[in-house]
Structure formats: structure tokens, C-alpha cells
Amino acid sequence: MRFNPARLRPGPRVGVSLLFVLAFALVSSGLSIYLRATSPMPHIAMLSDKLDAVAENGDRYDTIFLGTSRTLYHVIPDEVEAAAAEAGCPGLGVFNFGFYGMTGSEQDWILNRLLETRSPRLKRIILEPPLPEYRSVGEILTDRSRFFHGLEDVPAASRSIWSYAESAPKRVFRSGIFALGVAYDLSGVGRLSTRFFPPPGNHQPSRMNLSEDGFEALDDVATADGEARRKDFLEHIAEVSDILARYGDPSPNIEARAAYMVAKMRRIEEAGVEPVLFVSPDIMEIDRTPQTGEAVRRQAPDLKVLNFNRPDVYPDLFDTSLWHDFSHFHRAGAKRLSHKIGAELCDAQTRTRTSDLHAVR
């Protein structure tokens, strides 16, 4: 049998099929972009409630903590305010904008929203380094994830991914997952039906209890995931000392991660608000976030850094009786940390005022 090169050429049916697929992709993505731009923001558990709280009560808050579940479960506004007053800085109004699983691109979006709609009373935003972008397909298919996977989110996600303190292959993988998320959003799957055929009945989304200005105690919230994490911590509590021994080990890309946080802080500064970096205690991140905090100090000595993930400086914060799991305090730990935050925040303010006074003289 003789080889016939013509058999390798695409036939007319293949060409027509490719044109159909391309046309369908262009139409569906165009429609999806239009519907995305003209649809209101979906209700996202916790995030929507906290955005509403700041918008409605912004004149109560001069200090907003913006971070992950470490912020959510670790910063008690009343305790921070009381400790600052005891240290000589009365009158703080603190709001905890901790949001579980907050990625870098999500933090950028929220930060922009807070700066655009801020109250004249807002004086400072205290940033916790965010979590990395997603790394599994399942994570990018939720309504929340879809909202943060638009074409406009690509620059923020790229900055987040390529600054993260991990190996280059892992960052490439995260980039691929993010690209899949953008493609899923552009496909428009489910968007038209959701827009024009809402679910029947008067469905009311669950609301967060904001009586503690955004703080939530992990030991007050009963969830299957929380209980599983608690059980795992208690079963492996003897490993805490081994994990803490990684403190100070070299970690890749730390200077890039620090530069990424400095850039965010400069953006806050340019908007006329004081930026502060908050590095929360986190046993599982003991080889990453403490180094990021110290690298920020080196790169930008004029910026304020509250680095509490340092067992050499704050050994009492690493008493296992304070921890709910390997990454989160329960209320007793949050209370101890919040007291330190208030005192150190006041100390940093006092030192700034003193240095300004000397500079004038």
C-alpha cells in the first residue's frame, strides 16, 4: 500500500467544523463578557456582608485589617482597641475584614473597593499576606471563584502567582489552573439561565454575625471541616515542635513576595491611607511568612511591619493550648495576639510621631 500525503490534509468537513467551533467560542465568550459586565455582583458568603458593613458603618472605623482566615479568626477588634488605649492611643475604630481563603487577586479586588468607597475617617489598612491562587480544577468552578476569574483579573492573579514563595514549576501549574478558570468563565456556562431564570421562591442567603466587627472565633463555629482540622491537630500535636524547627529555613522567591507586598502597601499610601503589614502566627507557614515580613522591613524600612509569626520573639504565642489547628488560634489565642497587636500598633504610631517631631526640629 502506497503512502498518500493527501490523506493527511484536513477535508472540507473538518474545516467547517473548526469554523463552527471558533464562531461558537467567539459568540459565547462575547455574550459571557456582556452578561458579566451588566450583572450585579453575586452574593458571596462573608465577603458581601463585610462589604455592606464597611459601606454602611464606615464612619466607625479608622483601621481595617484585610487578610485571610488568619485575620478572621485572630484579630478581635475590641481587644485591639482596648490594648491600644492602654498603651496611650485611645479612639481606634477597628474592623476585621478577614475572609477565609483570600487569594492575592481577591485581596487586590477588595483593596481597590475599600479605597474607592472609603470613609474620610479611614486612616490605615493593615494587610496580611494573602494565600496563593488556586491549584485544583474543583476550586475554580464555584460562583465565588468564577467572579474573580474574569479577564480583568488576569494582571492581579499573575502578580500573585509569580510572587509566591514556591518553586517555578508550581507557579506555572497555578497559572494553568487560573487560565482554565478564565476559560470556564468565558464559556458562559450557566450564565444565561442564571440571569433570566432565577431559582423559584424567596431564597435568602445566609448572613454573617457581625456583632464583633468582623471577628469570628473558630471554636464558636461548628463545621465539619473545622472539627476535622481540630481532630488532626490533637492527633499530631507532638509534631508542632518539629514544624517550628523549620523556622529560618531558606524558602524560594521570598524577595519577590516581599516586593509584591511592598507594591500593595505603596498603592495604599498613594491613596492617602497608612499601610501596615501584619504577619499572623501560623505554624504551617513558619518557613515562609516570617521571612516575607523581614524582607519587607529590609526593602522598605519606612513601612510598618507587625511580624508575629516569630517563635523567637513571641514564644508565648506558640503555646499549643492556644491553637485550634495548625494554622488558627481559638478565642484565647486570638485574645492574646490582639492585645499584642494593639500595643505594638500604638508603639509604632508613637515612634512615628516622635520621629516627625525630631525631623521638624
Step by step, would you call Arg70 with Glu285 a side-chain contact (heavy atoms from CB on, under 4.5 Å)? CA-CA 11 Å; Arg70 257 60 71 191; Glu285 290 290 317; 5.7 Å; no
What is the minimum heavy-atom distance between [X] and [Y], and which atoms define it?
X: Gly293; Y: Val279; value: CA-CG2, 4.0 Å
X: Ala295; Y: Ile254; value: CB-CG2, 3.9 Å
X: Ser327; Y: Arg229; value: CB-NH2, 3.9 Å
X: Val94; Y: Glu81; value: N-OE2, 2.8 Å
X: Ser48; Y: Pro42; value: OG-O, 3.7 Å
X: Arg118; Y: Ala271; value: NH2-O, 2.7 Å

Residues Ile283, Val240; criterion side-chain contact (heavy atoms from CB on, under 4.5 Å); working and verdict: CA-CA 7 Å; Ile283 294 171; Val240 169; 4.1 Å; yes
Rounded to the nearest 0.5 Å, what separation is found between the CD1 atom of Ile64 and the CG atom of Leu127? 11.0 Å
Phe326 side, atom CZ; Ile286 side, atom CD1 - distance, nearest 0.5 Å: 13.0 Å
Is there side-chain contact between [X] and [Y], with heavy atoms separated by less than 4.5 Å?
X: Val276; Y: Ile125; result: no
X: Arg267; Y: Asp108; result: yes
X: Leu141; Y: Tyr184; result: yes
X: Met208; Y: Glu216; result: yes
X: Ile341; Y: Phe278; result: yes

Spell out, as yes or no, whether a donor-acceptor pair under 3.5 Å connects the side chain of [X] to the backbone of [Y].
X: Trp162; Y: Ala256; answer: no
X: Glu139; Y: Ser136; answer: yes
X: Lys50; Y: Asn96; answer: yes
X: Glu166; Y: Ile161; answer: no
X: Ser163; Y: Tyr260; answer: no
X: Gln291; Y: Asp287; answer: yes
X: Ser158; Y: Pro155; answer: no
X: Glu106; Y: Ser145; answer: no
X: Arg174; Y: Glu133; answer: yes
X: Asn57; Y: Ala53; answer: yes

Does either side chain, that of Ser280 or that of Glu128, offer a donor lying less than 3.5 Å from an acceptor on the other one? no
Side-chain donor-acceptor contact under 3.5 Å, Tyr247 with Asp312: yes
Spell out, yes or no, whether [X] and [Y] are grouped together once hydrophobic residues are joined by side-chain heavy atoms under 4.5 Å, including indirect joins.
X: Phe215; Y: Leu322; value: no
X: Phe99; Y: Val221; value: no
X: Leu72; Y: Leu114; value: yes
X: Leu277; Y: Leu306; value: no
X: Leu66; Y: Val262; value: yes

I'd like to know if [X] and [Y] make a salt bridge, using a cut-off of under 4.0 Å between side-chain N and carboxylate O.
X: Asp219; Y: Arg230; answer: no
X: Asp302; Y: Arg297; answer: no
X: Arg298; Y: Glu255; answer: yes
X: Glu116; Y: Arg113; answer: no
X: Glu274; Y: Lys304; answer: yes

Do the ring centers of Phe148 and Trp109 come within less than 6.0 Å of each other? yes
Do His149 and Phe178 have their ring centres less than 6.0 Å from each other? yes
Pair Arg310, Glu294 - check salt bridge (charged side-chain N to carboxylate O under 4.0 Å, His left out), show working. CA-CA 10 Å; Arg310 296 190 57 182; Glu294 297 313 301; 3.6 Å; yes
Given Asn309 and Thr289, is the side chain to side chain donor-acceptor pair (under 3.5 Å) satisfied, shown in steps? CA-CA 7 Å; Asn309 202 18; Thr289 59; 2.8 Å; yes
So Phe308 and Leu337, side-chain contact (heavy atoms from CB on, under 4.5 Å) or not? Walk me through it. CA-CA 8 Å; Phe308 293 100; Leu337 172 62; 3.7 Å; yes
Can His43 and Asp143 be said to form a side-chain contact (heavy atoms from CB on, under 4.5 Å), step by step? CA-CA 9 Å; His43 180 85; Asp143 289 343; over 6 Å; no
Positive for ring pair (Phe, Tyr, Trp, His ring centres under 6.0 Å) with Tyr73, one of His330, His324, His328: His328
Given Asp49 and Arg207, is the salt bridge (charged side-chain N to carboxylate O under 4.0 Å, His left out) satisfied, shown in steps? CA-CA 7 Å; Asp49 295 333; Arg207 297 289 181 178; 2.8 Å; yes
Of Asp185, Val182, Leu180, which is the lone residue that meets side-chain contact (heavy atoms from CB on, under 4.5 Å) with Ile140? Leu180
Given side chain to side chain donor-acceptor pair (under 3.5 Å), test Ser321 with Asp319 step by step and report yes or no. CA-CA 5 Å; Ser321 67; Asp319 180 342; 3.0 Å; yes
For the pair Arg124 and Thr63, evaluate side chain to side chain donor-acceptor pair (under 3.5 Å) and give the outcome as yes or no after the intermediate values. CA-CA 5 Å; Arg124 69 188 59 82; Thr63 301; 2.6 Å; yes
Taking the six-membered ring of Tyr164 as reference, does the NZ or CZ atom of Arg257 fall below 6.0 Å from its centre and within a 45° cone about the axis? no
Let's go through Tyr61 and Asp213 carefully: what are the C-alpha distance in whole Å and the side-chain angles of both, what is the deciding distance for side chain to side chain donor-acceptor pair (under 3.5 Å) to 0.1 Å, and is it a yes or a no? CA-CA 10 Å; Tyr61 308 118; Asp213 293 314; 2.9 Å; yes
Would you sort out whether Glu344 and Lys340 count as a salt bridge (charged side-chain N to carboxylate O under 4.0 Å, His left out), showing the intermediate values? CA-CA 6 Å; Glu344 293 206 12; Lys340 292 180 184 292; over 6 Å; no
